[in-house]
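One structure is given below, encoded as structure tokens.
Letters A, B, ... mirror the listed sequences (proteins, then strands); counts begin at 1. These numbers come from the heavy atoms of this one structure, side chains and all, not from hydrogens, waters or symmetry mates. Worth saying up front: this structure is predicted, and the values here are computed from it rather than measured.
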Amino acid sequence: MDLRETEAEQAFRAEARAWLSANVPQGLPSGDTTEGFALHLEWEKKLFDARWAVVSWPEEYGGRGASVWEWIAFEEEYYRAGGPQRVTQNGIFLLAPTLFEFGTQEQQDTLLPRMANAQDLWCQGWSEPGSGSDLASLKSRADKVEGGWKLNGQKTWTTRGAFCTHLFGLFRSDPASERHHGLTYFLVPLDTAGVTVRGFARLDGDEGFAEVFFDDAFVPDSAVLGGVGKGWSVAMATTGSERGLTLRSPGRYTATVDRLLTMARGQALDDTDVQRLAQAWMDAESYRLFTLQQVTNEQAGRGRPGESSLNKLLWSEMDIRLHELALDLLGPEAELEGPWSKGFQFSLSGPIYAGTNEVQRNIVSERLLGLPRK
Amino acid sequence: MDLRETEAEQAFRAEARAWLSANVPQGLPSGDTTEGFALHLEWEKKLFDARWAVVSWPEEYGGRGASVWEWIAFEEEYYRAGGPQRVTQNGIFLLAPTLFEFGTQEQQDTLLPRMANAQDLWCQGWSEPGSGSDLASLKSRADKVEGGWKLNGQKTWTTRGAFCTHLFGLFRSDPASERHHGLTYFLVPLDTAGVTVRGFARLDGDEGFAEVFFDDAFVPDSAVLGGVGKGWSVAMATTGSERGLTLRSPGRYTATVDRLLTMARGQALDDTDVQRLAQAWMDAESYRLFTLQQVTNEQAGRGRPGESSLNKLLWSEMDIRLHELALDLLGPEAELEGPWSKGFQFSLSGPIYAGTNEVQRNIVSERLLGLPRK
Amino acid sequence: MYFGLTDDALALREGLREVLETACTPAVIRAAWDGDPCEQLWKDLGSFGVPGLLLAEERGGLGLDELAFVAAVEECGYHGVPGPLVETLVSMPLASLPVDGSARVTVLSDHGPTPYAAVSTHVLDPAGSLYELTPETAEVVGTVDRSRQLAGVEGDPLPLDLSDEDVARFERRGALGTAAFLLGLARRQLDITVAYVKTRQQFGAAIGSFQAIKHPLADAVVGTEFAWPAVLRAAQALVDGDRDSDLYVSMAKALASDAAYRMSRVCLQAHGAMGYTVEYDLHLFAKRTWALSKDWGTASDHRELVAELLGIRRDA
Amino acid sequence: MYFGLTDDALALREGLREVLETACTPAVIRAAWDGDPCEQLWKDLGSFGVPGLLLAEERGGLGLDELAFVAAVEECGYHGVPGPLVETLVSMPLASLPVDGSARVTVLSDHGPTPYAAVSTHVLDPAGSLYELTPETAEVVGTVDRSRQLAGVEGDPLPLDLSDEDVARFERRGALGTAAFLLGLARRQLDITVAYVKTRQQFGAAIGSFQAIKHPLADAVVGTEFAWPAVLRAAQALVDGDRDSDLYVSMAKALASDAAYRMSRVCLQAHGAMGYTVEYDLHLFAKRTWALSKDWGTASDHRELVAELLGIRRDA
């Protein structure tokens, strides 16, 4: 057990903290509206200019080659300083690890710098109207043509799709295939002819979702990531990996709990509030500690199947409890529009996106506990 | 809505209350040990002699022809006075309604009076080692022979089987049948040759269970209840019926809550305790009110499928919460043997017996909500 | 003994259901979200006598009792009737206002802006006065459920002559009506969800066949099914002028708040992403649930009242 | 940064596992239920050095730290080691007693009879004294977990010279060790249950394939998996003499108490009737869980301490 940061890590954290406290914008509107998104892009470019956009990436792509420990420290400092949720996250946290692992040199050299400086904005094309938890049933097609592929079909629940420039998605490239066979992972500019995007509103009314329609949209062969027919394994390979935990860094929740404690300090509390606040702190702290253990185990080659599902079950259910507590402490003000009521509505998506919690419970029981699938 | 008791009902309740307060034995040991059972039998005979053993039965069988409202009132008074759980309950509450509905006149005339005065003590032979929630997979056999049947197989989890004199049970009478077809409901004296009973201990250590082995045990044709091959429908017909609610009368829980409130009155409480106590009272009271509504609806022909499963989910989960609260209020004493720790252990069987709560949730969602079975 | 709605109340609810099925569609609720006071809906409710349901016949009302009240309000909850429905019904006996739907009466908040003030014609202050509103000038405060239309209240109120008993009954009816409305909202969310999970296919089966969907729904139904008799019991306690009225009203509101909130959570989760958009109707009922579960006292407030009335004391 | 047990602690746990698999079978626990002090088991633990694990090497102990302590105690919890295991390990540094397993030290209760007093050789009173016991004369108080062997403590204690710091560290280690023991008990119950639901067939399938079994187990596992890093963190805080030791110890005990209790409920339910008998082993671990989840402070007590240490105040 060694909980001490190295001198380099301490220096990294100190530099991040100093820069963030001086630069984090306060009171940005939601990034899920047209106007808000533009303001968030300014922030992303500022992060990039100071080389804080993608700290864990190599320097040549705009990063600092930070270790995963430094990345966790950066995230802690980022959320402690009140940094907003990153509108670039689906690119830098979901696509980028896949590009690093499966991309050609040319794909990496072309795409990563443009992703880092928020020139290309990536959204995810996984879900379809008939394929949510059961992703392997997806029907969007890629048909081979001279020099490339024609894409047809529909993706939906695409987060920030209406504001993004590119989509990474899974398409069925072998029409005779079933389930997770015969799928290919494509990288698609959204201005491709034959691609139509329609934004629609989330639960909180912000236009954070989009449907994306493909009507004979042509993409070249170079748009394939990781090989034709390898889409499923490419999409799944980074799930639960070291970088897989980047979806929800602990700093986000420890910062939420700090805000909750600050709010609670100003008011009279009963025993129930006190117990719930203590539990809130313990939940976020245990998530942080679990993450440290998880990274350690992965670095030592002791990672276990299903661990990232445990992770997801905890943060998603915790996030709802934190916000329910905040709303209870707010009393009658809870129904007003504000950061807590907005955060509550957002928290309700936690047990749904990135694989519903029902699916996560299946994964934990089947892969970690070894219970039979059927 | 009419919540008033009639004059007759008031008089009935007053008479019950007066008799019970004068006669209910205090501090009886558990009825699930050999010595305790004998003391409980004395109490049962006393109840019978005063015609309080089976109040809802016709007078000729030892009852008072009480209405279901009067029965509920009797149960309230019984538990309020501190009456013990009835060791005769599986006969008078589970078998008797079936006998009234399906029994021949001779079966009724022979068996009911002996059940009422606790001369015959009945246990239930449903579960088998391989058939619990999936009762329809049962394997115990009844083979037709001259003048009767030969029973073979094993029943288990038979409550108070080691102290009873008779068993009612389901046996597969058609060897070619599957699932819930070809079953017959038999009434079996436990002193029949070829029947062996082995008692074993429940979670609390009392010998409340038995395994019952059948080895070519002969029973005459008159041991069949409700017709050969009709076993499943006979066994299920009374479930959820008006008398079906007799399994757990509300008076039991309202009395538990009264004891809980009495205990709590003597000690300092924090806000959490106060909230939990209020919730405990509301839960028991809502169960009482739901029962009144359920009886009303059934009498008006407005009963709904699955209602008795709602009922079971509520009382079983509530009973655990009531006891958890009691143990929390007891503090360090909670681990000592005593009525609350014993009651807690018993409460843990609630979500298991009489159909596990997992099965009840299937029933509610399939029969009441109409969700698909598979 | 007869525990349940009278045939009259059942018939009232059935009639109201027919009216609301056409008069209060989700499109009407969506209009209310944009600030529409929904005058046609209120006119329809008025022609059915709903606003004056609790007002004595001799004063122009229907003169019905609290059992009819909870029956009607639960149905209104099912249809998500926007505006101050419960508030209007419980205020009418205290104020002399038209019961034809032209008067929509809300209740003055004692902490900040008042719900429905931007779409109401009057505000009752139970401390003893009545404000007339000019809704067009109201500045609406942003809320999660936009049909709540919170706004500040200004102007010179008319004094009302209210006895302590009037006010106590008004408060009880308000909490009770909100409990009934919540259970209507919960029933609607359940119906929407049951219909969805029966048809939505994943992994080659309707998702409603999975225990992961079935069991949480069954547990949520236990909550709402056991809250309803508490609402009925409280209604009857008010009809009878029972000493235990406060106890039963608080029990009803506490159970209904918790049960409806839980139902909203389970129903949203059962929809997966499908429910997580304002384009789908579920949220209209879920967000109203969140607001009303805390209005007229939270579950926790009412449990505290129950504890007090049961004589549960903190000191040994 | 390295968050986890050291290789030494892992090796210790592995060695202990091999010892306990033969030395602490369910039959041994059942003997403890009948009042057997399990001297052979304690001798085996003694020959492995366990009782003196925290005692300095120069005083005859292993001189290991709290990380090794929680690793060893968790494994003892998995095997349900009967008697005052945690109590003995944390008392040894305060008393001069043999560490070969011949001394079994329990801790004086400040409210009624003392756990394990009927099977211990000594009782430590953290107020500053040590009793020697004559177990054969003890009158055992009936408990749900009969291996607890509660009894009154009488006699003339020997004074001990304990500093405030000694006692504070003793209390922290006691709560922490109990948290680790609880997580071992939970892991055992989980293993028993996973094995059972994989083989038990109903409705033509292993019941472990049903979501009704899978999902509650998965949720219970979330609880125990997230409690363990808290135990490690608290252990490291004690090793480091961290200012936050009390905070992390209370967090560990609160999380472990709740998680282990919940696991016991879910595991019992997953067994159906099969777990509801003393003939099956599950109850041996469940009942210990119930007792220990409240021993050395309940979850609620420790949450209250966490709140105090975080500066959460009741007044505005």
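If you measure heavy-atom distances from B/Ile320 to chain D, the contacts under 4.5 Å come from the side chain alone. In this structure, chain B has a heavy atom under 4.5 Å from the side chain of D/Leu150, while its backbone stays farther away. For chain D, the nearby parts of B/Phe200 are the backbone and the side chain; heavy atoms of each come within less than 4.5 Å. Only the side chain of D/Val141 comes within less than 4.5 Å of a heavy atom in chain B; its backbone stays farther off.
At most 12 non-hydrogen atoms from other residues, nucleotides or ligands lie less than 6.0 angstrom from CZ of B/Arg367.
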Give the atom names and distances for all donor-acceptor pairs closer than 3.5 Å across chain B and chain D.
| unit_1 | atom_1 | unit_2 | atom_2 | d |
| --- | --- | --- | --- | --- |
| B/Pro129 | O | D/Arg200 | NH1 | 2.6 |
| B/Gly130 | O | D/Gln202 | NE2 | 2.6 |
| B/Gly132 | N | D/Gln202 | OE1 | 2.9 |
| B/Ser133 | N | D/Gln202 | OE1 | 3.1 |
| B/Asp134 | N | D/Gln202 | OE1 | 2.7 |
| B/Asp134 | OD2 | D/Phe203 | N | 2.7 |
| B/Arg198 | NH1 | D/Glu279 | OE2 | 3.2 |
| B/Arg198 | NH2 | D/Glu279 | OE1 | 3.2 |
| B/Ala201 | O | D/Thr277 | OG1 | 2.6 |
| B/Ala201 | O | D/Val278 | N | 3.4 |
| B/Arg202 | O | D/Val278 | N | 3.4 |
| B/Leu203 | N | D/Tyr276 | O | 3.4 |
| B/Leu203 | O | D/Lys287 | NZ | 2.3 |
| B/Glu324 | OE2 | D/Tyr261 | OH | 2.3 |
| B/Glu324 | OE2 | D/Arg265 | NH1 | 3.3 |
| B/Leu327 | O | D/Lys294 | NZ | 3.4 |
| B/Asp328 | OD1 | D/Lys294 | NZ | 2.9 |
| B/Glu335 | O | D/Val144 | N | 2.9 |
| B/Glu335 | OE1 | D/Arg148 | NE | 2.8 |
| B/Glu335 | OE2 | D/Arg148 | NE | 3.4 |
| B/Glu335 | OE2 | D/Arg148 | NH2 | 2.7 |
| B/Glu337 | N | D/Gly142 | O | 2.9 |
| B/Gln345 | O | D/Tyr276 | OH | 2.6 |
| B/Pro351 | O | D/Gln269 | NE2 | 3.0 |
| B/Glu358 | OE1 | D/Gln269 | NE2 | 3.0 |
| B/Glu358 | OE2 | D/Gln269 | NE2 | 3.3 |

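Looking at every heavy atom in both residues, B/Leu203 comes nearest to D/Val278 through O-CG1, 3.5 Å.
With chain D as the partner, the residue from B/Gly130, B/Gly205, B/Gly338, B/Gly331 showing the most heavy-atom pairs under 4.5 Å is B/Gly130.
Scored by the side chain to side chain contact (heavy atoms under 4.5 Å, CB included) test, D/Pro216 finds D/Val266 as partners (sequence neighbours excluded).
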